[in-house]
Amino acid sequence: SLTIGQNTQTALVIVGTHIITICANDTVDATLEGCASVTLQVGANTAPTASVQDPNDGDVIGACQAIDLRCNVNDVNANQNLSVRWLDNGAEVSTQRNLNGYRPNDGAHVLTCEVTDSVGAQGTDSVTVNVDQVTTSIVTPNDGQGFDPGQNVLFTGTACSSRTGVLTGAALTWASSLDGALGTGN
């Protein structure tokens, strides 16, 4: 007997053919009884699947660069509620299937999308990315641009540290392979 009452709801956990029977006894004369039954099939639960769409395995992420985490999930048991979470080196960072603007600190990161169905079956997919400690770029002059000897050249650049943030001033040093040190600043 599962429960007694007008309506009942319960989870059938044993895989196989279930014959479900309901019987009712008259409340005045207990010898009066009626029963009905149905046959149900309970199949094995298939674990859901996860597939990381973004970022790509092996991506190198610039310092201070935000990335988007995207995961496709699938469940052949379409009637199940799915929960999704993202893990970064084993630590939970989100319970959303897609997360915009995630900023991991420098180093190697195993990003895992984990999906769990309502009965606890799990599917996972992981990618490994590396985040630079410091990212720099030269804004001016353009690569390959020509200049006359003695001509002033404006050097403009940007830099960002995954620990400190935007780097400016003396944190940026300029040098020439022929002329040596050129100065500091962005």
Side-chain angles (χ1 to χ4, degrees), residues 9 11 13 15 42-146 153-177 181-186:
Q9 180 176 339
V13 294
V15 174
V42 175
N45 183 45
T46 301
T49 60
S51 175
V52 174
Q53 300 303 300
D54 199 27
N56 295 314
D57 193 41
D59 277 357
V60 176
I61 312 299
C64 305
Q65 180 181 339
I67 60 173
D68 295 335
L69 305 179
R70 303 246 181 274
C71 184
N72 284 344
V73 297
N74 185 38
D75 184 24
V76 296
N77 310 308
N79 62 348
Q80 306 221 5
N81 295 324
L82 300 176
S83 63
V84 177
R85 66 185 194 142
W86 277 96
L87 306 170
D88 182 349
N89 290 336
E92 183 178 292
V93 295
S94 177
T95 57
Q96 301 173 39
R97 188 172 62 83
N98 297 319
L99 175 64
N100 295 327
Y102 179 60
R103 291 185 186 266
N105 37 350
D106 63 279
H109 295 263
V110 177
L111 300 172
T112 302
C113 177
E114 176 185 275
V115 58
T116 306
D117 68 18
S118 60
V119 294
Q122 286 186 338
T124 62
D125 189 27
S126 298
V127 295
T128 301
V129 298
N130 283 294
V131 179
D132 289 336
Q133 292 178 339
V134 177
T135 300
T136 58
S137 67
I138 296 174
V139 178
T140 61
N142 295 325
D143 190 33
Q145 190 172 349
V153 179
L154 174 64
F155 296 99
T156 308
T158 61
C160 193
S161 165
S162 63
R163 296 185 187 170
T164 308
V166 174
L167 300 174
T168 60
L172 283 73
T173 58
W174 294 88
S176 164
S177 63
L182 299 175
T184 62
N186 49 328

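Reckoned from all heavy atoms, side chains included, excluding hydrogens, waters and symmetry mates.
Taken from CG in Asp75 to CG in Asn45, the straight-line distance is 7.0 Å, to the nearest 0.5 Å. For the atom pair Thr136 OG1 and Leu167 CG, the distance stands at 9.5 Å (nearest 0.5 Å). Here the straight-line distance linking atom CD of Glu114 with atom CH2 of Trp86 works out to 11.5 Å at 0.5 Å rounding. Taking CZ from Phe155 and OG1 from Thr140, the interatomic distance works out to 8.5 Å, rounded to the nearest 0.5 Å. With rounding to the nearest 0.5 Å, the separation of CG in Leu172 from OG1 in Thr184 is 8.5 Å. To the nearest 0.5 Å, the span separating CD on Gln122 from CG on Asp117 amounts to 9.0 Å.
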Test side-chain contact (heavy atoms from CB on, under 4.5 Å) applied to Asp57 and Thr128, step by step: CA-CA 5 Å; Asp57 193 41; Thr128 301; 3.8 Å; yes
side-chain contact (heavy atoms from CB on, under 4.5 Å) assessment of Asp132 paired with Val60: CA-CA 7 Å; Asp132 289 336; Val60 176; 3.5 Å; yes
Please evaluate residues Leu87 and His109 with respect to the criterion side-chain contact (heavy atoms from CB on, under 4.5 Å), reporting the C-alpha separation (whole Å), side-chain torsions for both, the decisive distance (0.1 Å), and the verdict. CA-CA 10 Å; Leu87 306 170; His109 295 263; over 6 Å; no
Please evaluate residues Arg85 and Thr112 with respect to the criterion side-chain contact (heavy atoms from CB on, under 4.5 Å), reporting the C-alpha separation (whole Å), side-chain torsions for both, the decisive distance (0.1 Å), and the verdict. CA-CA 8 Å; Arg85 66 185 194 142; Thr112 302; over 6 Å; no
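The side chain to side chain contact (heavy atoms under 4.5 Å, CB included) test with Leu111 singles out one residue from Ser126, Pro104, Pro55, and that residue is Pro55. Each of Pro48, Cys71, Ser83 was compared with Val115 under the side chain to side chain contact (heavy atoms under 4.5 Å, CB included) criterion, and only Pro48 meets it.
Checked by atom type and distance alone, the side chain of Asp125 pairs as donor or acceptor with a backbone atom of Val52 at under 3.5 Å. At distances below 3.5 Å, at least one donor-acceptor pair connects side-chain atoms of Asn89 with backbone N or O atoms of Val110. Using modelled atom types, no side-chain atom of Trp174 and backbone atom of Ala181 make a donor-acceptor pair closer than 3.5 Å.
Considering all non-hydrogen atoms of both residues, Ala63 and Cys160 come closest at CB-O, 3.4 Å. Between Cys64 and Ser161, the shortest heavy-atom distance links the atoms SG-O, 3.1 Å. Here the shortest heavy-atom pairing between Leu99 and Ser94 reads CD2-CB, 3.7 Å.
Thr135 is not listed as a side-chain neighbour of Gln65, based on a closest heavy-atom distance of 4.5 Å or more. Considering only heavy atoms from C-beta on, Arg70 comes within 4.5 Å of Asn100 through its side chain. Taking the side chain as every heavy atom from C-beta outward, Asp68 and Asn98 never approach each other to under 4.5 Å.
Asp106 pairs by the salt bridge (charged side-chain N to carboxylate O under 4.0 Å, His left out) definition with Arg163, not counting sequence neighbours.
Atom CG of Leu182 is surrounded by more than 12 heavy atoms from other residues, nucleotides or ligands within 6.0 Å.
Residues Ser162 and Gln133 have side chains that never bring a donor and an acceptor to within less than 3.5 angstrom of each other.
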